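Okay, structure first, notes after.
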Amino acid sequence: MRSDFVEFDVLSAVVAELTPANRLVCDIALSTGLRISDVLGLRIERLCLRPTVIEQKTGKHRRVFFGKKLLRRCRKFAGYRRKGFLFPNRDRRNAARTRQAVFLDIRKKAAALGVNAHITPHTFRKAYAVKFYRRCGDIFRVQKRLGHEYITTTMLYCFADKL
């Protein structure tokens with residue numbers, strides 16, 4: 001099932017209800033346009049203002065911008081830990097949190113708020129594309145940011161609020 005686009009006020013309300021870890025995961029995705037799997041794969045020792053991420057889906061290297069406030073939140077969340085995954089799996093020691101753990105939290109909180117749209121972790125990538133396109137107005141810049149090969153894919157993201 002496809003993820004729906006959700007207006008930013010509704011999305012913000014859902015994010016506000018998430019666990020602190022999942023809230024940070026979604027905030028990073030919404031601020032950078034990274035896929036949730038790439039956010040969950042972030043390593044503490046590589047955190048900086050402009051980290052390079054190797055996308056799990058495509059294998060492409062992508063440089064993203066965190067900003068000082070988001071970077072500070074990530075470092076505070078990491079706490080005393082200096083190495084390893086920023087979002088560790090609570091059951092497996094050397095693994096990252098799963099996408100399903102984030103999805104279940106999102107789905108539960110959206111249902112509690114009465115949101116009928118199908119919100120998934122990928123919804124945040126679509127929201128990023130819509131927000132960035134509204135700000136810059138250049139679909140080719142959005143395509144580059146998201147790392148899409150085809151402009152038609154980017155169009156689906158940029159105009160998700162119109163579909």
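All values below come from the heavy atoms of this structure, side chains included, with hydrogens, waters and symmetry mates left out. Bear in mind that the values here come from a model prediction, so they are computed numbers and not experimental data. One is the number of the first residue; the rest follow in order along the sequence.
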Determine, for [X] against [Y], whether the closest basic-nitrogen to carboxylate-oxygen distance falls under 4.0 angstrom.
| X | Y | answer |
| --- | --- | --- |
| Lys57 | Glu55 | no |
| Asp105 | Lys109 | yes |
| Asp161 | Arg134 | yes |

[atom1]/[X] to [atom2]/[Y] distance, rounded to the nearest 0.5 angstrom?
| X | Y | atom1 | atom2 | answer |
| --- | --- | --- | --- | --- |
| Thr32 | Arg62 | OG1 | CZ | 6.0 Å |
| Ile106 | Cys26 | CD1 | SG | 4.0 Å |
| Glu149 | Ile151 | CD | CD1 | 12.0 Å |
| Ile36 | Thr98 | CD1 | OG1 | 11.5 Å |
| Arg107 | Gln100 | CZ | CD | 11.0 Å |
| Lys108 | Leu113 | NZ | CG | 12.5 Å |

Is it true that atom [atom1] of [X] has more than 12 heavy atoms of other residues, nucleotides or ligands lying nearer than 6.0 Å?
| X | atom1 | result |
| --- | --- | --- |
| Arg63 | CZ | yes |
| Arg90 | CZ | no |
| Lys60 | NZ | yes |
| Asp91 | CG | yes |

Closest heavy-atom contact between [X] and [Y]?
| X | Y | answer |
| --- | --- | --- |
| Cys158 | Val142 | SG-CG1, 3.4 Å |
| Ala160 | Lys126 | CB-CD, 4.4 Å |
| Leu30 | Ala127 | CD1-CB, 3.5 Å |
| Cys74 | Leu86 | O-CD1, 3.5 Å |
| Lys68 | Leu49 | N-CD2, 3.6 Å |
| Arg23 | Leu18 | NH2-O, 2.8 Å |

[X] side chain near [Y] side chain, heavy-atom distance below 4.5 Å:
| X | Y | value |
| --- | --- | --- |
| Thr120 | Arg99 | no |
| Ile28 | Leu42 | yes |
| Val15 | Asp27 | yes |
| Phe159 | Ile139 | yes |
| Tyr157 | Arg125 | yes |
| Arg81 | Pro88 | yes |
| Phe124 | Leu11 | yes |
| Asp38 | Gln56 | yes |

Should [X] and [Y] be counted in the same cluster of Ile, Leu, Val, Met, Phe, Trp and Tyr side chains packed under 4.5 Å apart?
| X | Y | answer |
| --- | --- | --- |
| Phe5 | Leu34 | no |
| Met155 | Tyr133 | yes |
| Val130 | Leu156 | no |

Query raised in the report: When the ring centroid of Phe103 is compared with that of His122, is the distance short of 6.0 Å?
Result: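 Not under 6.0 Å, so no.
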
Query raised in the report: Is Arg97 reaching over with its side chain to a backbone N or O of Phe85, donor-acceptor style, under 3.5 angstrom?
Result: no

Query raised in the report: For the side chain of Asp138 and the backbone of Phe140, is there at least one donor-acceptor N/O pair under 3.5 Å apart?
Result: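 It does hold such a pair.
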
Query raised in the report: Please, which pairs that meet ring pair (Phe, Tyr, Trp, His ring centres under 6.0 Å) have at least one residue in residues 50-82, sequence neighbours excluded?
Result: Phe77-Phe87

**Report entry** Mutual orientation of the aromatic rings belonging to Phe132 and Tyr128 [parallel < 30°, tilted 30-60°, perpendicular > 60°]
**Finding:** parallel

